[in-house]
Amino acid sequence: MLQIAFIRENQEKVVKALAKRNIDAQASIAEIISLDEKRRSTQAELDNTLAESNKLSKDIGELMRSGEKAKAAILKEKTVSLKESSKELAEKLDVFATDLTNKLYTIPNLPYDLVPEGKTPEENLNVFQEGEIPVLHEGAQPHWELVKKYDIIDFELGNKITGAGFPVYKGKGAKLQRALITYFLDKNTAAGYNEYQVPHLVNEASGYGTGQLPDKEGQMYHDAQDNLYLIPTAEVPVTNLFRDVILNENELPVLATAYTPCFRREAGSYGAHVRGLNRLHQFDKVEIVRIEHPEKSYEALEGMVEHVKMLMQELKLPYRILRLCGGDMGFASAMTYDFEVFSTAHDWWLEISSVSNFETFQSNRLKLRFRDKDGKNQLAHTLNGSSLALPRVLAGILENYQTPEGIVIPEVLRPYTGFDIIN
């Protein structure tokens, strides 16, 4: 979340920046400032009351030592009153602090200067495009038909054992899925990312730490009995590995990668673009996470983009990169690049990766800091990206690599699959 000191000192700047997200934050920021003033004044009053109480306690001790018990008794009565006042002030302070924190949780991150103006995905900025869109043979099919033809993914079977949006991968489909996961992890670790295996359930503090809560609470599967959440992305547990951690400056940057299944309710998703693998409740994804020095985070962001570009180039899939406009960015992001693969079935582009810099938005919640060369603690910058999300990458391979003889496996994956065609 945004730092309250920054909001207090830059009210107009914050309101103007949030307008880039198409949010009129004037009233919310005014309420935050008011709550902060009440919290600070109550804290000052409590500090004064406690200081006076401590002073009286010392005075009582001196009076008792000098035998002036009557005077000490009078002061004792006053300390009782001060203790009651301090208790009331502490309770009042707790209310103001909680209300302030809850209000801060509702304010999204401020867009970086390079984020373009815009309200809808159509206003995102296309910054790069590569790869030829294939001209397919007559009778080419969308991936949801191809998986039936070759019996490699079964949506109906998944629907039987769980429900819609939980496909079953079979035979060469399962092997291709596993090949992609291993390939992505191998490329990430070769680039210096340290691999983790992390829990697929997280507690509430972890959800708040990375900004999924309370913003995306309705999109997360929740176990009410244990108050745990199924992860929507490996970003949540991986970034929370460093919650309440103070790093030394020479430990930066921290690079991490992990494969996990991801779970999203995707409430309200419908339409032609959610068929087949395009919108699932459970899907596999390999994630990269970085913890960076604030002065180097945007250089790191560009490096992450280049890394994902390399994956797309090796897979030889047609793709493009968009810099998201203010109205289309995620809640916690300061700047995001989306990668999209071309779907021959839809004759359109489908998102396969988001690479984002959160600046201090997550680290402020996480209390993730580093000790600079002067010995002062500073908030680190956090970044993450899909490297890659599998469903639409797999769909892109199935559709773009189909031939009359079968689906050819991208050359870079053949050492992982052990076969070069699905037929």
Side-chain angles (χ1 to χ4, degrees), residues 1-18 20 29 32-33 35-36 39-40 43 97 100-115 192-194 196 205-213 215 235-257 287-305 329-337 355-385:
M1 59 187 172
L2 300 179
Q3 298 176 70
I4 183 60
F6 180 85
I7 295 175
R8 189 166 57 238
E9 296 165 11
N10 300 275
Q11 295 180 51
E12 291 185 10
K13 181 178 179 179
V14 170
V15 170
K16 183 178 179 180
L18 290 173
K20 204 179 217 183
I29 297 304
I32 285 171
I33 294 300
L35 285 168
D36 183 49
R39 177 186 64 87
R40 293 168 73 201
Q43 181 70 67
L100 176 60
T101 299
N102 288 338
K103 191 65 183 177
L104 285 168
Y105 277 145
T106 68
I107 305 298
N109 202 356
L110 305 184
Y112 186 58
D113 292 343
L114 292 180
V115 172
Y193 290 86
N194 192 27
Y196 288 85
S206 295
Y208 274 95
T210 46
Q212 275 67 32
L213 296 176
D215 178 58
E235 167 202 345
V236 182
V238 172
T239 312
N240 272 278
L241 293 171
F242 304 95
R243 175 157 41 98
D244 297 319
V245 169
I246 301 175
L247 299 162
N248 291 317
E249 188 170 358
N250 60 12
E251 294 179 278
L252 298 175
V254 174
L255 283 69
T257 186
E287 197 81 356
I288 50 176
V289 171
R290 294 179 73 112
I291 300 168
E292 289 280 349
H293 192 287
E295 294 176 2
K296 298 180 180 179
S297 67
Y298 279 96
E299 178 185 346
L301 179 65
E302 298 301 323
M304 293 170 76
V305 168
M329 280 203 315
F331 182 84
S333 176
M335 189 163 83
T336 294
Y337 289 102
V355 183
S356 302
N357 188 350
F358 305 108
E359 296 187 358
T360 61
F361 193 83
Q362 290 182 332
S363 58
N364 189 32
R365 294 187 179 206
L366 295 160
K367 293 183 174 59
L368 167 53
R369 294 156 290 175
F370 70 96
R371 189 175 292 106
D372 67 19
K373 52 192 170 186
D374 297 323
K376 296 180 180 178
N377 291 338
Q378 295 189 37
L379 291 173
H381 280 196
T382 61
L383 305 90
N384 86 277

Practice task
Name all residues meeting the side-chain contact (heavy atoms from CB on, under 4.5 Å) criterion together with V15; count only those two or more places apart in sequence or in a different chain, and write none if there are none.
Solution key: Q26, I29
Problem - Pairwise distance CE(M335) to CG(N109) - rounded to 0.5 angstrom - result: 12.0 Å
Practice task
Verify, without hydrogens or angle tests, whether N240 (side chain) and S206 (backbone) share a donor-acceptor contact under 3.5 angstrom.
Solution key: yes
Handout entry: Partner residues of K16 under the side-chain contact (heavy atoms from CB on, under 4.5 Å) criterion, sequence neighbours left out
Key = none
Handout entry: side chain to side chain donor-acceptor pair (under 3.5 Å) partners of N357, counting only residues at least two apart
Key = S297
Handout entry: Residue pair I291 / T239, side-chain heavy-atom distance below 4.5 Å
Key = no
Handout entry: Over all atoms of both residues, closest heavy-atom pair of Y193 and A256
Key = CD2-O, 3.4 Å
Handout entry: With sequence neighbours excluded, residues passing side-chain contact (heavy atoms from CB on, under 4.5 Å) with A205
Key = N203, R243
Completion exercise
The side chain to side chain donor-acceptor pair (under 3.5 Å) partners of Y298 (sequence neighbours excluded) come to E359
Handout entry: R365 vs F358 side-chain heavy atoms within contact, under 4.5 Å
Key = no
Practice task
Could you grab the distance from atom CD of Q3 to atom CG of L104, nearest 0.5 Å is fine?
Solution key: 10.5 Å
Problem - L110 backbone acceptor or donor facing K20 side chain under 3.5 Å - result: no
Fill in the blank from the handout: Applying salt bridge (Lys or Arg N to Asp or Glu O under 4.0 Å) to R39 and not counting sequence neighbours gives D36
Problem - With K103 via salt bridge (Lys or Arg N to Asp or Glu O under 4.0 Å) - residues at least two apart - result: E31
Practice task
State, yes or no, whether a side-chain contact exists between I7 and I107 at a heavy-atom distance under 4.5 Å.
Solution key: no
Handout entry: Set of residues satisfying side-chain contact (heavy atoms from CB on, under 4.5 Å) with respect to P237, sequence neighbours excluded
Key = V198, V202, I231
Problem - Heavy-atom side-chain proximity of L2 to F361 below 4.5 angstrom - result: yes
Completion exercise
Value for CD (E251) from CD1 (I246), rounded to nearest 0.5 Å, stands at 11.0 Å
Exercise for the section: Measure the shortest side-chain to side-chain distance between T382 and V289 over non-hydrogen atoms and say whether it is less than 4.5 angstrom. Expected result: no
Handout entry: For E287, all residues meeting salt bridge (Lys or Arg N to Asp or Glu O under 4.0 Å), sequence neighbours excluded
Key = K285
Handout entry: Partners meeting side chain to side chain donor-acceptor pair (under 3.5 Å) with Q378 (sequence neighbours left out)
Key = D372
Problem - Nearest heavy-atom neighbours spanning L379 and P294 - result: O-CG, 3.6 Å
Problem - Residue pairs fulfilling salt bridge (Lys or Arg N to Asp or Glu O under 4.0 Å) with at least one residue in residues 290-305, sequence neighbours excluded - result: R290-E292
Practice task
Answer whether the closest heavy-atom distance between the side chains of F6 and K13 falls below 4.5 Å.
Solution key: yes
Practice task
Say whether, by atom type as modelled, one donor and one acceptor occur between the side chain of N364 and the main chain of T360 under 3.5 angstrom.
Solution key: no
Completion exercise
Output for pair (Y208 OH, L366 CG), nearest 0.5 Å, gives 14.0 Å
Practice task
If the plane angle is over 60° it's perpendicular, under 30° parallel, otherwise tilted; pick one for F370 and H293.
Solution key: tilted
Practice task
Please report the closest heavy-atom contact between P111 and A17, naming both atoms and the distance.
Solution key: CD-O, 3.4 Å
Practice task
Give, for atom CG of L301 and atom CG of L383, the distance between the pair rounded to the nearest 0.5 Å.
Solution key: 6.0 Å
Practice task
Return the set of residues passing side chain to side chain donor-acceptor pair (under 3.5 Å) with N248 (not counting sequence neighbours), or none when no residue passes.
Solution key: R371
Completion exercise
Rounded to the nearest 0.5 Å, the CD1 atom of I32 sits from the CD atom of Q11 at a distance of 10.0 Å
